[in-house]
Undergrad: 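A single structure is presented below for examination.
FYI, side chains are in, hydrogens and waters are out, and symmetry mates aren't considered; it's all heavy atoms of this structure. Protein chains get the first letters and strands the later ones, always in sequence-line order, with residue 1 at the start of each. None of the values given here were measured: they were computed from a predicted structure.
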There are 2 protein chains.
Amino acid sequence: MKLSKTADYSLRILSFMAKKPDELHTAKELVDKLNISDKYLRRLMTKLSKSGFIKSVQGREGGYRFTKPTEQIFVSQIIDAVDGLDKYMGCILGFGACSDDNPCALHKKWALVRTDIMNLFKTTSIAEMAQKDVQKI
Amino acid sequence: MKLSKTADYSLRILSFMAKKPDELHTAKELVDKLNISDKYLRRLMTKLSKSGFIKSVQGREGGYRFTKPTEQIFVSQIIDAVDGLDKYMGCILGFGACSDDNPCALHKKWALVRTDIMNLFKTTSIAEMAQKDVQKI
DNA sequence: AACAAATACTACTTGCAAGTATTATTTAAT
DNA sequence: ATTAAATAATACTTGCAAGTAGTATTTGTT
């Protein structure tokens, strides 16, 4: 049970930026501090900018900055923006048609866990994550 | 939050077989009933045989049969055999070094969920799964 | 106007899970 | 012995996420 690397990176990046939520952060700074491959991070930053969590400032003295208070940005929104939450919230056995009406053999048990996961994602803000140190390995 | 297709397939296959736990099941039967690609399923059956949940009978009139009561085979064991449980039980943010002593920003919250997932896997037997219908889509 | 430092875009490469194809081996029935 | 029906093994192909490379664009500084 993991997130994609793209989602991982997004959370790490935004958590890191949220430690100084009003500053402008360059891609270079983020690459150096977070140990994420340069080109991949830059592409991801463009995607996150388009998703509206941050906005980019182009040109010299450019970078990225939050568009709203980090208390109002939740893990669920970020995962949804980069991967789509559906990717993680589907049937544990991979059945497309699995539902309450047409449950797989693990449906009921898994539905309970999934609700917990959803709640975790929906109630954890980037501001909260920023209070913890972000590891590099 | 999904399992690999390999783990999905394994659970579907063994659950299906467990409906008639004492019979010999051929790969052909399983492919027809479970809608899993032929060659992939056959390779997986060999792996599951080597893992000890089932044993193969070669030659004409051959097939696969459980080696022990399906009440004694748990989801966790199957996932562990085909993928390794570690693949699913690591840090949600993908940090290799994440631990209680060196926690990531989601560690504490995720540890609770992970425990629930583990319990689900460890306490659900193939016999129990076999009581439900196994879907095809 | 020229330069430097930043982001944006497009295309290519790599790695791994999943899927496919072919051939070899085993064994019961005839 | 031969055949048929099953599993086993090996190698190849595909698809997608992740990673890399190079070029274009933007904009402040000089």
Undergrad: Nearest whole angstrom, please: distance from the P of D/dA18 to the CG of A/Asp83.
TA: 7 Å
Undergrad: Starting at atom CD1 of A/Ile13, determine the distance to atom P of C/dT7, rounded to an integer number of angstrom.
TA: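 My rounded result for the distance is 12 Å.
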Undergrad: Which listed nucleotide (C/dT7, D/dA6, C/dG19) is nearest to the side chain of B/Lys28?
TA: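 Nearest listed nucleotide: D/dA6.
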Undergrad: How do A/Ala7 and B/Glu61 order along DNA chain D: which one's closest nucleotide is nearer the 5' end?
TA: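 With A/Ala7 and B/Glu61 compared, the 5'-side residue is B/Glu61.
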Undergrad: What contact category does A/Lys50 fall into here, base, sugar-phosphate, or nothing, at under 4.0 angstrom with non-hydrogen atoms?
TA: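 Contact class for A/Lys50: sugar-phosphate only.
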Undergrad: Consider the side chain of A/Tyr40, meaning its heavy atoms from C-beta on, and name the nucleotide among C/dA18, D/dG19, D/dA8 that approaches it most closely.
TA: D/dG19
Undergrad: Taking any heavy-atom pair under 4.0 Å as a contact, classify A/Ser49: base, sugar-phosphate, or nothing.
TA: nothing
Undergrad: Measure from the side-chain heavy atoms of B/Ala27 and tell me the nearest of D/dT7, C/dA8, C/dG19.
TA: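 Nearest nucleotide to the side chain: D/dT7.
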Undergrad: Roughly how many Å is it from CG in A/Leu44 to C1' in D/dT20, rounded to a whole number?
TA: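 Rounded to the whole Å, the gap is 15 Å.
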Undergrad: Below the 4.0 Å mark, does D/dA17 have OP1 or OP2 next to a side-chain nitrogen or oxygen of A/Thr6?
TA: no
Undergrad: Measure from the side-chain heavy atoms of A/Arg60 and tell me the nearest of D/dT7, D/dT29, D/dT10.
TA: D/dT29
Undergrad: Taking NZ, NE, NH1 and NH2 as the nitrogens, is one of them in A/Lys20 or A/Glu29 under 4.0 Å from a carboxylate oxygen of the other?
TA: no
Undergrad: So, the side chain of A/Lys19 versus the backbone of A/Gln131: is there a donor-acceptor pair under 3.5 Å, distance only?
TA: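 Absent.
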Undergrad: Find the distance B/Arg42:CZ to C/dT25:C1' and express it as a whole number of Å.
TA: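 After rounding, the gap between these two atoms is 14 Å.
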Undergrad: Need to verify one output field. Residue with the more 5' nearest nucleotide on DNA chain D, A/Tyr9 or B/Met45?
TA: B/Met45
Undergrad: Quick one: A/Arg65 CZ to C/dA6 P, roughly how many Å, whole number?
TA: 15 Å
Undergrad: Can you see if the side chain of B/Ser56 gets near the phosphate of D/dA8 - specifically, an N or O under 4.0 Å from OP1 or OP2?
TA: yes
Undergrad: Could you give the NZ-to-P distance, from A/Lys55 to C/dT7, as a whole number of Å?
TA: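 Whole-Å distance recorded here is 15 Å.
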Undergrad: Given atom NZ of A/Lys87 and atom C1' of D/dA18, what is their separation to the nearest angstrom?
TA: 11 Å
Undergrad: Compare the minimum distances between each of D/dA6, C/dT7, D/dA8 and the side chain of B/Gln58, then state the nucleotide with the smallest one.
TA: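 Given the options D/dA6, C/dT7, D/dA8, the side chain of B/Gln58 is closest to D/dA8.
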Undergrad: Let me know the distance between CG of A/Leu41 and P of C/dT7, rounded to the nearest Å.
TA: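 To the nearest whole Å, that distance equals 9 Å.
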Undergrad: With a 3.5 Å distance limit and no angle check, can you tell me whether A/Tyr40 reaches the backbone of A/Tyr9 through a side-chain donor-acceptor pair?
TA: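 Looks like no, no N/O pair under 3.5 Å.
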Undergrad: Using the side-chain heavy atoms of A/Thr46, tell me which of these nucleotides is nearest: C/dC9, C/dA18, C/dT7.
TA: C/dC9
Undergrad: Could you tell me whether a side-chain N or O of A/Lys47 sits under 3.5 Å from a main-chain N or O of A/Val82, the two making a donor and an acceptor?
TA: yes
Undergrad: Any donor-acceptor pair, under 3.5 Å, between the side chain of A/Lys5 and the base of D/dA18, if you only look at N and O atoms?
TA: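 There is none.
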Undergrad: From C-beta outward on B/Lys39, which listed nucleotide comes closest to its side chain: C/dA21, C/dA18, D/dG19?
TA: C/dA21
Undergrad: Does B/Ser37 put a side-chain nitrogen or oxygen below 4.0 Å from OP1 or OP2 of C/dT20?
TA: yes
Undergrad: Report yes or no: is the cationic atom of A/Arg114 (NZ for Lys, CZ for Arg) closer than 6.0 Å to the six-membered ring centre of A/Tyr88, at no more than 45° off its axis?
TA: no
Undergrad: Counting distance only, does the side-chain N/O of B/Asp116 pair as donor-acceptor with the main-chain N or O of A/Val113 below 3.5 Å?
TA: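 Answer holds: no.
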